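Data block below; observations after.
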Amino acid sequence: MYLVTLLGNGVLILVTILDSRLHKPMYFFLRNLSFLDICYTTSSVSLVLDGFLAPQKTISFSTCAVQMFLSFAMAGTECVLLGMMAFDRYVAICNPLRHPVVMSKAAYVPMAASSWAIGGGASLVHTSLAIQLPLCGDNIINHFTCGILAALKLACADISINVISMGVTNVIFLGVPVLFISASYVFIIATILRIPSAEGRKKAFSTCSAHLTVVIIFYGTLFFMYGKTKSKDPWG
Ligand SMILES: *[C@@H]1O[C@H](CO)[C@@H](O)[C@H](O)[C@H]1NC(C)=O
């Protein structure tokens, strides 16, 4: 699965660089998303692979902290990046004549860069809050990566500050982009429905399908996991 991830995203990155017809904001964002997916998967899978090869399945505190930082940062970045992409699709379909001006290179490169900065910044806050907690149990992580939620369960101190700040972050990283993406798609769909020809409607919608697919798969999985966290015990 890891090789498939590397290959699929690698091909996508190469194609969007090599084909000059794809030198557009949407493909820049998709390329960034592919790059992010490679980093994200690598950060969590590398230790899983290591665990298959090494007999003892332990993780040092510092490796755990790095993994915690990376996975949270990547997930946050992906959320924000998907919101940025929704804005690009909104302008492309609802304001097509202004799209080249609004989504110029001077706009979309900082938009992508700020997604990385926001994801990294939030992760820095949570990781530094989490690694200060005292650990005194048997420190068994019942999960395949050292995620923040899994690590918080090991703490033998009051974690209410962590829980509250995680809740606030969840609202910001899940709620705000989802609201923003939904609002964009309401406008996009309303605009598409007003296009008179079926051919035109199909064409307009097809430019959104890549983004919409990623949004549904990514947020679908996140909500599924987050919803389950409250009920049973997916993080251990
Ligand atoms: C992703 O976006 C950042 C910030 O704009 C940029 O520096 C980086 O080169 C991009 N990565 C790819 C693979 O396009």
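Remember, it's 1-based here, ligands and their atoms both numbered in the order they're listed. Keep in mind that this is a model prediction, so the values were computed, not measured.
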Show me the short polar-atom pairs for ligand 1: any N or O of it lying under 3.5 Å from a protein N or O, with distances only.
residue  : atom   : partner : partner atom : Å
ligand 1 : 2 (O)  : N32     : OD1          : 3.2
ligand 1 : 2 (O)  : N32     : ND2          : 2.2
ligand 1 : 5 (O)  : V109    : O            : 3.0
ligand 1 : 11 (N) : N32     : ND2          : 3.2
ligand 1 : 14 (O) : R31     : NE           : 3.3

message: For a quick test of reading the model, state the closest non-hydrogen atom pair linking G120 to F69 and the distance between them.
response: O-CE1, 3.5 Å

Donor-acceptor under 3.5 Å (D19 side chain, V15 main chain): no

Closest non-hydrogen atom pair between D88 and P25, with its separation: OD1-CB, 3.6 Å

message: Looking at S71 and Q67, would you say the former's side chain and the latter's main chain have a donor-acceptor pair under 3.5 Å?
response: yes

- prompt: Is the number of heavy atoms from other residues, nucleotides or ligands within 6.0 Å of OH (Y2) greater than 12?
  reply: yes

- request: Give the C-alpha distance, both sets of side-chain angles, the deciding distance and a yes or no for ring pair (Phe, Tyr, Trp, His ring centres under 6.0 Å) between H211 and Y90.
  value: CA-CA 11 Å; H211 177 248; Y90 164 73; over 10 Å; no

